[in-house]
Each structure stands twice: as C-alpha cells, then as structure tokens.
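Below is one structure, written out as structure tokens, with a few remarks after it.
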Amino acid sequence: MADVTLTHIYKVYPNGTKAVKDFNMQIQDKEFIVFVGPSGCGKSTTLRMIAGLEDISAGELKIGDLIVNDMEPKDRDIAMVFQNYALYPHMTVYENIAFGLRLRKLPKDEIHRKVVEAANILGITEYLNKKPKEMSGGQRQRVALGRAIVREPKVMLLDEPLSNLDAKLRTQMRAEIGKLHSKLQTTFIYVTHDQVEAMTMGTRIVVMKDGLVQQIDTPKNLYNYPGNKFVAGFIGTPQMNFFEGTLLKKGDDVQIKFEYTDAEITVPYSLLYKAKPSYLDGNSVVYIGLRPEDISLASDDVKNNKAVVKVVVSHKEDLGSETLVYGDINPNGDGYVESSTRIIIKDNSGRELKAGDVVEAALNINRVHLFDKKTEESVLPRVPEYNYLDCEISKGKIKFLGAEIRLPASVNTEDLKGELLLPTDAVTLNGELQAEVVSCEEINGVYLLSLTLGGKRLYAVLSEPVDAKTVCVGIDFKKITVTADGENKILPLPEVNAFPCKFIKKKICERVEVNGKAKKKKSVQFGLTVAGAFFGVADETAQKIFTALGIKNAYAANLRLECGIDKIAVAESGIAAEAVQTLDYGTEKYLKCKVGDSFIYVKTEAEYNGNICLLPDFEHVGIVEIEREIKII
Ligand code: ADP
C-alpha cells in the first residue's frame, strides 16, 4: 500500500510536444483517483510515467517514500490494465492469470491459491479452463484485471479499461471495479475521457486539459464548485448553460443583464461577496453558468422566484422521467444552435410544451456560476485570494471596514484615499481588530474563515480551524497592495527572489597524499554560477538537471534560481550584494539588497550596510529552465 506523489512533473516528447506541464499531486494510499479530460490532454502520458513506461522529463515521482523516476517498471510494484486486454490467445484463462507469477517463480500451490482467489473475486471461476476467444469483452477485461490483482501491487493503474465494452457492460464493470477497489484496499489510478465514468468511480478526480491540471477535487465539489469554465462545462450532462452578461451592483443587490437579449435578473449582493468589485461595474462581460437542473419551469418555482427569464421553446427531448427543453432567451434566437442565449432546461414539471411556446423559467440563483470572459476562471472562487477593500491612509494609519491600524515604518506613505488589496492569507489572528466569525469552512486542506468587520465581509485563509465566535485580526503588511488614482502606492514584498544562473562543470585538481607520496587527483564538480558566485550542487540535483535538459543542452540553458525571502541569509561568502535598506514590518525585518540591476530581499534580525555576501539555502531553492518554464527542482 502506498502514497503516490507527483512533484512538478513534466513530459516533453522528443518532437517538442509538451504533453504534461507541472503536474503536482499527492495521491493518498487506497484512494481511487481518476484522470479525466478530452483526448490528447495528457492523461495517459501521466499514467505511463507513473508506470515507468515513459521517461519523466522533469520533476519527481515517489511511490511511498521511494523516488522511482529511474526505477524499472517491474520494480515499481504496480500493475497496469489496458483498454486492449492483451491476453495470450493460446493460453487458458488460468494460464493467463498465472503467467506473471510463474515468471516470478512462485511455488505452484501459491500460484494456484492466488489464481483461484482472483477468479472468485471477479466471478470468472467457471471460465478458468477456457481460452480468451471463447469469452466476451467484459469477461476478457476481467481476466486482465485478474492478472493485475494476483500481483498484489501497491498501485493499480487502469488506462481506459472499459472503452471497448458496450454501454450496458461498461456500467456493470464500473460498479465491479469500484467493488474490487474496496475489496483490495489498494491505490487505484484510472484514466478515462468519460466524465460519467470519472464521476461515478473516483474518490477524487483530476480534470486535465492541454497537459495542464485544471482542478483536483471530489466528484461533488467538481460539480458544485468548478474552478473554471472548462471544468464547469466538462462535468455534468447536459452541459451547463453559458450565457454572457454584465453585473451591476446597486446597494445590496446586483443586477445581472444578459447580452443579446433584454433578459435581466436581480440577485442579492451577498451571493457575490467573493467577486472582485471591477466585475460589478455593469460593463465587464462575464460568462453566467447555470446547469439545466438548476432552471425550473414549474409554475410554483416561477411564482416564488424573482430571477425569471422568458424562454422561446424550440424543441424537447423526452427522457421519460424528465424532459430536456431546448429554447432561447433571445426571442429571435434558435434553440438548436449552441449560442450565448441558447438554454437547456431539465424539466420535470410535466408541462406540455411545443415549439414556439414562450414560457417563464425560474433560475436558481444560489447555484449561479460566473466566469471571467478572458481567463475563464471562476469569478467566485471557492477560496478567494483577495479581499478588495476601500481604504484611507492618514498620519501613518490605515482605515478600512471602519477599523484603523497603524502602518509599520516600511509601508508608510503619503495620506491618500484608495483601494486595499488584502490577500486572504495576509489576514492574521494576532491583531487588534475584533471581528465576528460567520463561518469556518475546510476546503481542500485550508480553512476559509468568513468574518464581518464593520458590518462588511472579510475573508481569511488559515491552516487551522477556528471555533470562536469572535477573533482579533491583524494584517501581514508585507503582502498588501494599496492603489490610489490608478497608481500603486504600496506594493507587497516579493515572496521569492529570482537570480539568473547557469549550470556548469568544474574540473578540480587536488594534491593528495597516497602512501606518503604527493599525487594529483582529478575530479569533476557540478554546480551553478549565480551572479558571479559558484555553488556546488549535489549529484542528485545535477542528475535532475541532465534529465530535464539533456546532457548537451544542460550547460547552455538559461536557468533561474528561485529562493524564498526567508531562505537566503547574509554570510561570509556567496553572492556579492549591496545592502541598501532595512525594511521594518513591525515583528519582522527584511534587508533590501542590490545584486546587479535587481533587488533581492532577505529576512534578517541584524542591520547591514554596504557590501555583503548572500547565501541561498540550497535545500530549499527552485531551479527553472527559463525557455520552456520547466521547474526542474
Ligand atoms: P490522452 O491520454 O489524454 O488522450 P496522451 O497522454 O496520450 O493524451 O497525449 C498527450 C499529448 O502528447 C498529445 O498531444 C499527444 O499527441 C502527444 N503524444 C503522446 N504520445 C506521444 C509520443 N510518443 N510522441 C510525441 N507526442 C506524443
């Protein structure tokens, strides 16, 4: 049994195709993970890298505590099941299942016990003496599963195992693989392009597109909280409706106007607390997403709901228990063609409808999704990154949400009225502003604290839960931005320093004494030159650089050394720098240094001036190849 950890995994095929880009995930022991996405999104490549059938271009893959990047597939303790079951046609089912065990020279009686047990689990005991050609597709796939089970792998990898089966058998096998997973208590990683398969099988799902992970979450969360338009559209059938529209804040309400039609609805502002205020200006166009099942034609729903739009019905599909009604919210629209006004409604009101009817549809506003028109990211992220607040700075104090705090010396600025961009992770619980706790929600390993301060909403993201009714909040001032009149007045301290660097090989010639005689000893030291300074690197690091860049290109590539501002220190030797300023953030101090033409920031207790040396903590640095933006370490 084992965790599988993928850290900054990339795959670049020799022809230059970037099939997988910066894949990061910790798969826990016994999870059932599904990789899903359209054809060509990189799911199989990722699975094949885990299996060891494909080299990893950059990044680290761990199974349990072992780094397995360079381990042979047979040593990884995994088993893989493919779409084409690849059974030996001349062997019986029994022999097919036993084959791998025989190769491993297991005792006969043990092989027999394992084969019989696997056949029992899979319900193919009566076929053990048959040849594959005498069996159906579903039965053959069961044999392939049997062959994998008997190896008792730490991790089971399944690459579209059901796509050769007909719809009915697929549904049945889906359930059986689910049952098998709970019986075997092993980590399963399953690849499919079918979102229904993903939703019904996975404990967590990884949605991929163009080699990039779009979202990793439970089926329920993907459905309820899609992080972008792609995920929203990919999960759920029929697909979520996407309209275009603008949002205008009017007091405690927000008016949503749909484009290309007169339709408009009003929703309470409280639903949109997490949205950046610039979306609510009545001009920025966003995508408005609503699932067909969140729109109702039932007369009671229409009567009791303020968010109602008129729909011209074009056609319908009767599915028995419910009817899919197709229409358009533009009176001149065509409900057949996918457009910004086409609407699909899952109706179970039983209403009789015909083409051309104009009906009222109630939108469930609590389930409205909004996406940025350009980036397609959610406008209402589940964990918001920022609080967007009005502020006033006067006499060294900042006022926001009716509260006031003294600014630390390093972020003092002239008096102004402007906007405060306060990251949710910069709201701390060790301050002096008393705020009421509305809720504390665990979301993917962090806690989102919803607070009210001065009657308005404030969000904080914490690593620990809070169960108090009130808290005293403060601000990590090194993370804030203040703008006034379109100009930045206070900027956050960068969290990471970046140095251009090169990978080099140094030939070392040492004089050593062997048996009392002085001898020359030649060796090679790999390292990085950073702003004129040389730092030797561990063999393991050099190996990763060679793997990512190739032996020839490694020395020519332009690299970037990334180092957190608390992972670099003033030292006796290292990178030559000039200390230019000490930045005082109250409880913490940072040194602003000049290295070449760039500024570098260093956490420090002491005061420095003039020429100093800086030493990055090489245990905690990142190395990026600039051209392809590949994170090597
Ligand atoms: P999926 O499993 O999601 O359908 P793949 O992982 O098979 O996608 O492929 C991801 C991308 O990598 C695609 O663009 C595909 O064309 C490309 N690709 C896959 N295998 C190779 C290969 N051996 N050489 C070059 N490109 C490849």
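Ligands are counted one by one from 1 in listed order, and the atoms in each one are counted from 1 as well. Residue numbers start at 1 and run along the sequence shown.
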Under a plain distance cut-off of 3.5 Å, with no hydrogens placed, do [Y] and [X] share a side-chain donor-acceptor pair?
{"X": "Asn15", "Y": "Thr17", "answer": "yes"}
{"X": "Gln215", "Y": "Tyr225", "answer": "no"}
{"X": "Asn69", "Y": "Glu60", "answer": "no"}
{"X": "Asn558", "Y": "Glu627", "answer": "no"}

Looking at [X], which atoms of ligand 1 are within less than 4.0 Å of one of its heavy atoms?
{"X": "Thr45", "value": "5 (P), 6 (O), 9 (O), 10 (C)"}
{"X": "Ala19", "value": "10 (C), 11 (C), 12 (O)"}
{"X": "Cys41", "value": "1 (P), 3 (O), 8 (O)"}
{"X": "Asn15", "value": "25 (C), 26 (N)"}

Lys209 to Phe230, cation-pi by 6.0 Å centre distance and 45° axis angle |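 Here Lys209 passes the 6.0 Å and 45° test against Phe230.
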Do Lys229 and Phe242 meet the cation-pi criteria used here (NZ or CZ under 6.0 Å from the six-membered ring centre, within 45° of the axis)?
->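 Yes, Lys229 and Phe242 form such a contact.
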Is the closest N or O pair between Gly42 and ligand 1 shorter than 3.5 Å?
-> yes
Where is the nearest protein heavy atom to [atom]: which residue, which atom, and how far?
{"atom": "atom 4 (O) of ligand 1", "answer": "Gly40 N, 2.7 Å"}
{"atom": "atom 18 (N) of ligand 1", "answer": "Tyr13 CE1, 3.3 Å"}
{"atom": "atom 7 (O) of ligand 1", "answer": "Ser44 CB, 3.9 Å"}

So does Lys346 have more than 12 non-hydrogen atoms from other groups sitting under 6.0 Å from NZ?
-> yes
Heavy-atom protein neighbour under 4.0 angstrom from atom 16 (O) of ligand 1 =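 No, there is none.
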Hey, is atom 21 (C) of ligand 1 under 4.0 Å from any protein heavy atom?
->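 Yes, there is a protein heavy atom closer to it than 4.0 Å.
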